[in-house]
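Worksheet: one structure, shown below.
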Amino acid sequence: MTQLLSLPMYDVQPADTLLVVDALRQLLAQQGIDGWNYVEPGDRLAHWKEPSLLLSQTCGYPLCALLPDAQVVGTFHYDAQGCRGYRYRSRLVVRQADAAKRLADFAGGRAVCNSEDSLSGFHTLRAEIAALKQNGRFFSSLLFSGGHSKSLQALQDNAADLAAIDTVSWALFSRHQPSLLQGLTTIGYTAELPGLPLITASGTSAAILRHMRKALTRLVSEPQWREVCAQLLISGFTATDRDDYEPVSVLAVPASAAAFPADKLSSSHPAL
């Protein structure tokens, strides 16, 4: 069975992702791990459940709510405003015309989120409005856009008033797709949470897990890979485990008090 590797979550500039994959191919081979295939999964959730999964990056919500058997390999650190160590936040993004407002001022407004399965775009926002809701609701409507870039476009098109965009995505868009940020600004941040976890299949041995962690540590610490990592804003690595994602598990409870039970939901093929 050929093992699979992917890095789908921050693939804003695919050529930069492939440079990291090539570095990992060399580093993993030096640890005796080779013969795997790099893939760009269409169905990410199905891919993350594959018994042949060697390494991938998922979101904290799927890890805690949908992938009970996946093993956590660790978490990258990112050089982006709002990140600290392996933790990150989301920006509360609005149009420039609303720059003086606070989150509470958007009661009755229109929210846009990338996906119902997203920690950074949906569940962190649920938590932020939990204490602000009135009569079981806060926003008048909620649009699922299918991706952070599409959420930003919805703000620019006046199809929504506020979005939660994770700080790493924002920084990568700023570098590679700055037009997505034109006319938009940040009025605050969500709570700090563990960043996007690197995972492997439940059947991956403890020895392979150790070797992968060693390769990932070398990736972020050895000078020859510094520029490769910098292209994806990667600045470090921590060998985290599921216990480190307990704060995410609290937000991953379905139909919690922080949900949008009374809002009108519309969807454009949500994606993780």
Side-chain angles (χ1 to χ4, degrees), residues 8-13 44 57-62 75-84 86-99 101-106 109-129 132 138-139 141-197 232-234 248 251 258 260 263 265-272:
M9 298 304 287
Y10 289 131
D11 194 23
V12 174
Q13 188 77 355
R44 293 179 182 177
Q57 189 176 40
T58 185
C59 173
Y61 177 84
T75 312
F76 282 135
H77 307 182
Y78 289 93
D79 183 17
Q81 185 175 345
C83 295
R84 183 175 68 89
Y86 68 86
R87 299 172 180 85
Y88 78 149
R89 300 173 182 266
S90 289
R91 292 171 175 261
L92 299 175
V93 180
V94 302
R95 287 182 292 280
Q96 286 282 0
D98 293 325
K101 293 183 179 180
R102 299 173 300 166
L103 178 59
D105 297 324
F106 287 87
R110 303 163 299 166
V112 58
C113 301
N114 55 331
S115 168
E116 194 172 3
D117 296 324
S118 171
L119 176 64
S120 63
F122 180 54
H123 292 280
T124 55
L125 186 57
R126 290 168 61 219
E128 292 297 319
I129 68 166
L132 300 175
F138 181 77
F139 296 112
S141 66
L142 173 63
L143 169 69
F144 286 127
S145 68
H148 279 314
S149 62
K150 294 178 180 179
S151 295
L152 293 168
Q153 188 66 57
L155 292 177
Q156 291 178 332
D157 293 343
N158 197 26
D161 302 311
L162 182 141
I165 307 294
D166 87 77
T167 51
V168 181
S169 291
W170 178 277
L172 288 169
F173 292 145
S174 178
R175 175 181 291 184
H176 299 295
Q177 300 178 38
S179 63
L180 285 172
L181 311 184
Q182 288 181 0
L184 305 179
T185 191
T186 300
I187 61 167
Y189 290 83
T190 62
E192 186 179 81
L193 288 168
L196 276 59
L232 290 186
L233 306 179
I234 296 170
V248 177
L251 297 185
F260 297 90
D263 287 1
L265 304 183
S266 57
S267 174
S268 177
H269 304 292
L272 292 173

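Since we're looking at a predicted model, the values are computed, not measured.
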T167 side chain vs R89 backbone, donor-acceptor pair below 3.5 Å:
yes
Test side-chain contact (heavy atoms from CB on, under 4.5 Å) on V168 and Q81 and set out the steps.
CA-CA 8 Å; V168 181; Q81 185 175 345; over 6 Å; no
If you count the non-hydrogen atoms of other residues, nucleotides and ligands that lie under 6.0 Å from CZ in R175, is the total more than 12?
yes
With rounding to the nearest 0.5 Å, note down the distance linking CG in L232 to CG in D79.
12.0 Å
Under 3.5 Å, side-chain donor or acceptor atoms of residues 178-188 against the rest of the protein: list the pairs with distances, not counting sequence neighbours.
from	atom 1	to	atom 2	distance (Å)
T186	OG1	R91	NH1	2.9

After noting the C-alpha distance and the side-chain angles of L162 and D98, does the key distance pass the side-chain contact (heavy atoms from CB on, under 4.5 Å) rule?
CA-CA 10 Å; L162 182 141; D98 293 325; over 6 Å; no
Nearest non-hydrogen partners of S115 and F122, listed with the distance:
O-CB, 3.3 Å
What's the spacing between L142 CG and R126 CZ if we round to 0.5 Å?
10.5 Å
Give the C-alpha distance, both sets of side-chain angles, the deciding distance and a yes or no for side-chain contact (heavy atoms from CB on, under 4.5 Å) between I165 and S151.
CA-CA 8 Å; I165 307 294; S151 295; 4.1 Å; yes
Working to the nearest 0.5 Å, report the span between CG of L172 and CG of L233.
4.5 Å
By salt bridge (charged side-chain N to carboxylate O under 4.0 Å, His left out), which residues pair with R84, not counting sequence neighbours?
E192
Are the side chain of T124 and the backbone N or O of S120 linked by a donor-acceptor pair below 3.5 Å?
yes
Donor-acceptor pair, D11 side chain versus P8 backbone, under 3.5 Å?
no
OG/S90 to CG/L119 distance, rounded to the nearest 0.5 angstrom?
7.0 Å
The test is side-chain contact (heavy atoms from CB on, under 4.5 Å); show your working for L152 and V93 and say whether it passes.
CA-CA 8 Å; L152 293 168; V93 180; 4.1 Å; yes
For L143 and A154, which heavy atoms make the closest approach, and how far apart are they?
CD2-CB, 4.3 Å
When the ring planes of Y61 and H123 are compared, do they come out parallel, tilted or perpendicular, using 30° and 60° as the limits?
parallel
Identify the heavy atoms of T75 and P197 that sit nearest to each other, and give their distance.
OG1-CA, 4.3 Å
State, without any angle test, whether H148 and S118 hold a side-chain donor-acceptor pair at a distance under 3.5 Å.
no
Under a 3.5 Å cutoff, is there a donor and acceptor pairing between the side chains of Y189 and E128?
no
R95 side chain to L155 main-chain N or O, any donor-acceptor pair under 3.5 Å?
yes
Give the C-alpha distance, both sets of side-chain angles, the deciding distance and a yes or no for side chain to side chain donor-acceptor pair (under 3.5 Å) between D166 and Y78.
CA-CA 11 Å; D166 87 77; Y78 289 93; over 6 Å; no
At their closest point, which heavy atom of F106 faces which heavy atom of F139, and how far apart are they?
O-CD2, 3.8 Å
Of all heavy-atom pairs linking P62 and D117, the shortest is CD-O, 3.4 Å
Please report the interatomic distance NE2(H77) to SG(C83), rounded to the nearest 0.5 Å.
10.5 Å
Nearest non-hydrogen partners of G121 and N114, listed with the distance:
CA-OD1, 3.3 Å
Roughly how far, to the nearest 0.5 Å, is the OH atom of Y88 from the CZ atom of F76?
15.0 Å
